[in-house]
Amino acid sequence: MATERYNAPAREKHWQQVWEKADIFHSKEDDAAAKCYVLEMFPYPSGRIHMGHVRNYAMGDVFARYKRMKGFSVLHPMGWDAFGMPAENAAMERKVHPGAWTYQNIDTMRGQLKSMGLSLDWSREIATCSPDYYKHQQKLFLDMLEKGLAYRKSSKVNWDPVDHTVLANEQVIDGRGWRSGALVEQRELTQWFFKITAYAQELLDDLDTLTNWPEKVRLMQANWIGRSEGMSIRWALDKPTAPKGFDEIEIYTTRPDTLFGASFLAVAADHPIAKAASENNPALAEFCEECRRMGTSVAAIEAAEKLGYDTGIRAVHPFDKEWTLPVYVANFILMEYGTGAIFGCPSGDQRDMDFARRYGLPVVPVILPPGEDAVTFSLKNKAYEDDGVMINSRFLDGMGTNDAFNEAARRLENQKLGGKPQGARKVNFRLRDWGISRQRYWGCPIPVVHCKACGVVPVPAKDLPVTLPEDATFDKPGNPLDRHPTWKHCACPKCGKPATRETDTMDTFVDSSWYFVRFTAPQAATPVNAKAAKYWLPVDQYIGGIEHAILHLLYSRFFVRAMCDSGHLSFSGNTREPFAALFTQGMVTHETYKSEDGFWLLPSDVRFEGEGSQRKAIDVLSGRPVTIGSIEKMSKSKKNLVDPDDIITHYGADCARWFMLSDSPPERDVIWTEAGVAGAGRFIQRVWRIIDDVAERYPEKLGSKPSVFSPEALEVRKAAHKALDQVGKTIEGLRFNVAVATIHELANVLSAALSKSGDGLPHAIREAAELMTRMIGPMMPHLAEECWARLGYNTLVANEAWPAAEPGLLVDDQVTIAVQVNGKRRDELVISRSATNAEVEAAALKLEPVLRALEGRTVKKVIVVPQRIVNVVG
RNA sequence: GCGGACGUGGUGGAACGGUAGACACACAGGACUUAAAAUCCUGAGUUCGAAAGAACGUGUGGGUUCGAGUCCCACCGUCCGCACCA
């Protein structure tokens, strides 16, 4: 019998050394084998790994190890998303250089990840802050610049007054910086942009090819891209009322069918006409200023308030020269979308309705909803925005919405204003170009030079990388590169005269938009090694947090396309998608604890008394009661953290991995509980005891199959092979919690079998033990090695093939069939698998509970689903 | 407001339209022990019943079906995303 407990922490170190010495996770391009590129989103080196990392990397590792065992040539790399603000904040607060801080964190976290026993190819490790990485990124930038995919323009930007930097629209959440939480201001600055909008249609269309992505993510991206089909329509302005130099206004609409319901036009505060009209109208100028101030922040909060100002200008209806409409400046019109001007149809749009009611404008219903009567139909204050039949619309009357759209469009296309068609069909996208300029030090320098004579001059490729100066200062806010005494001064690459470097660095999302490409050839002299990229890409299974559903994933999808179009990359298939399959795992959550005086407490500072509703928490230090709060995502601010290091040194990495994979479906949040971890730890000991027991009793490696198996032995064999089949399938589908349950079941069977006897049972038990050892290999790799060695093998489970289940053992000769009467289960029937429907029916009708349930009624019908169920209808 | 997901025992959760509650946690009883821990065995959806058994059970109400946790419709609740996108 097993005497010693399995000492996980000690044995895990041992097996990690064995793996490392054998260098078994080193991946190579092997044309003879099918490839599998498994990738988890690489971490930001914040200092220490957290439980979210443990969960993410445990899942990826199970998949990678399983695929290795299945014979795939696996690429499973790791690196560091190493540029970004926190390093600069650390520099400011603690007077350490961002680089030193970052690399120190990387060292710590690399050590932590290694202690998890992940099957990573560490020879491919990359850090995006290394010039070895970002010099290639600068080359990519230059080539995108040449192709017109990177450009500079002046634009209103989101300025974060705390971080002193520009933010992309995606980084502004509810009017606040995603990192600092500060209210974002609008500023006019010249910025670098990537032309992601050039790919809007392709990025949208190709979402359909991503069938192994969560539907939710595809939908979120589609909404973000925001395609709409409509028309731009030019309206003539009524001469006497128009400002100087303006004789028409162009609006964008998706509903030209509702033109006869129009009662006003509205333009954005930044619209040229609004500006012109403001010139000799101080009150209007003040109103426009007010709108701008509301900008991103307050507008979001006071979304309900629709305000406008009548410019006095009147526009002529495109279908009726005698009909003029007022032109307003309105706070709910965005200059950035469409043409920054609309026509308002109050009956067909709720915003327009609100506006019309506020300013006493006419409301003419033009669409009759299905089932309504034209005579009695009225709208009150609720617009009808759906389809219906046109009314009050002259030549459109009686048409359906679609036909009316087309008819209005046709007429406008053929109708001339100023010699040009008055209307044109137009597709509009919500997606805007990606602003990548950041006024920060710790990022990839944008490799261009500004010359008074030559303008913007790209740094020649031979002069790359443009590296960051080591001796920057971080003692005050603002851009350290800009205030550096010498760094920005250089000679113009074109004319040689004194010039200045670009001091903006790139958004760190650029770094993570192609790291998965670089992993395929991390030491290549060019950004991409074509052969390696062709072999490994796309990523076969990408795993990460749902929080990147839009930003990182959309940028990456854009970036690989830009890399293709600038000659760096080519895909063999007909889509250009970087991630063939995506899985978004849930968060790790934990209870929160608050002391009497309102401070958050770490779980390790709290002890518990009582159970269930009587459960009370007590502050370990003060002995005073603690309020148990809601279960939330583990975060530094709420202190509901459990340190992975503590778990790994106490219970071992396998335990942490196993717990993370147990119970909760991987896409859902998992609640970290002490009891759950302890349970996982107990199971590890149990597996060890079982294997130790088997090895003690049956020390011989599995030999040839005996000719006779007792029923008990056969049951064990069936259980083992069914489990093998099931575990393989569930890992394949990333349903780790089900795989865990299956292994539990097998352990139960195996442990029970040890107290039985019968022909062939030793063989069956030994076989089941050997199978189970390999089955746990992907999930608890260290324990598997220990068990495998105990079973007498000197090979590594990590190098073993995933065993093939015997098909004959996956099906039963005798099947249990449920017997229902009128859909209610009354009994069950054990019958030969090959029994005919008639035999099953006959057997079912003899069952006593069936007869009882029929209560003498005649049988009307019997439905037999072979090997599953019989339903007697009576 | 719009869009989406989800709702199953005390808890986490299983379940190709076919025996609901696998597996685990927690719980209770028992064995082992001087005792405890560890371990092993047993029990358990709810209600009625000593038991056999019966009725009711997957948020609520309808529907489709021989049969619904699963499909359809409406509602309630929870969570997430977007939010004046014309």
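Owing to the predicted nature of the structure, the values given are computational and were not obtained by experimental measurement.
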TODO: Respond yes when some side-chain nitrogen or oxygen of A:Arg668 is under 4.0 Å from OP1 or OP2 of B:G12, and no when none is.
DONE: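 For A:Arg668, the contact criterion (side-chain N or O under 4.0 Å from OP1 or OP2 of B:G12) is not met.
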Task: Phosphate OP1/OP2 of B:A86 contacted by A:Tyr252 side-chain N/O (<4.0 Å) - done: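 For B:A86, OP1/OP2 do not have a side-chain N/O of A:Tyr252 under 4.0 Å.
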Pair [X] + [Y], salt bridge at N-O below 4.0 Å:
X	Y	answer
A:Glu732	A:Lys729	no
A:Arg689	A:Asp693	no
A:Lys756	A:Glu712	no
A:Asp827	A:Arg852	no

- [ ] Verify the distance criterion only: is there a donor paired with an acceptor across the side chains of A:Asp433 and A:Thr197 at less than 3.5 Å?
- [x]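 Result is yes, a qualifying pair exists.
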TODO: Assess the side chains of A:Glu250 and A:Ser232: does a donor N or O sit below 3.5 Å from an acceptor N or O?
DONE: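 Short answer, yes.
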TODO: Determine if the base of B:G43 is syn or anti; take syn to mean the glycosidic torsion is within 90° of 0.
DONE: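 Anti.
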Euclidean distance, atom [atom1] of residue [X] to atom [atom2] of [N] [Å, nearest integer]:
X	N	atom1	atom2	result
A:Leu219	B:G3	CG	P	11 Å
A:Glu667	B:A14	CD	P	8 Å
A:Asp386	B:G3	CG	P	9 Å
A:Asn737	B:C25	CG	C1'	14 Å
A:Arg430	B:C85	CZ	P	10 Å
A:Met335	B:A86	CE	C1'	13 Å
A:Trp213	B:A5	CH2	C1'	19 Å
A:Asn748	B:U42	CG	C1'	14 Å

Need one value for [X]: base, sugar-phosphate or nothing, where a base atom within 4.0 Å counts as base even if backbone is also close, heavy atoms only.
X	value
A:Arg852	sugar-phosphate
A:Ser662	nothing
A:Asp352	nothing
A:Ile743	nothing
A:Val873	sugar-phosphate
A:Asn428	nothing
A:Lys824	sugar-phosphate
A:Thr673	nothing
A:Gln820	base
A:Arg826	sugar-phosphate

Could you please name the option among [options] that lies closest to any side-chain atom of [X]?
X	options	answer
A:Glu828	B:U19, B:A15, B:A24	B:U19
A:Asn871	B:A86, B:C85, B:G18	B:G18
A:Arg351	B:C40, B:A86, B:G13	B:A86
A:Arg682	B:C23, B:U19, B:C25	B:C25
A:Ala741	B:C23, B:A86, B:U39	B:C23
A:Ala675	B:C25, B:A86, B:A14	B:C25

Task: Along RNA chain B (nearest heavy atom to each residue), the more 5'-positioned of A:Ile863 and A:Asn223 - done: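 With A:Ile863 and A:Asn223 compared, the 5'-side residue is A:Asn223.
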Open item on the list: Stem list for RNA chain B, please, built from Watson-Crick and G-U wobble pairs under 3.5 Å and keeping only runs of at least 3.
Closed with: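 Consecutive-pair runs (3 or more) involving RNA chain B: B:1-7 with B:76-82, B:10-12 with B:23-25, B:27-31 with B:39-43, B:45-48 with B:53-56, B:59-63 with B:71-75.
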Task: From CD1 (A:Ile776) to CG (A:Leu783), nearest 0.5 Å - done: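 Going from the CD1 atom of A:Ile776 to the CG atom of A:Leu783 covers 4.0 Å.
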Open item on the list: Centroid separation under 6.0 Å, is that true for the rings of A:Tyr359 and A:Phe264?
Closed with: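 Aromatic pair excluded; centres sit 6.0 Å or further apart.
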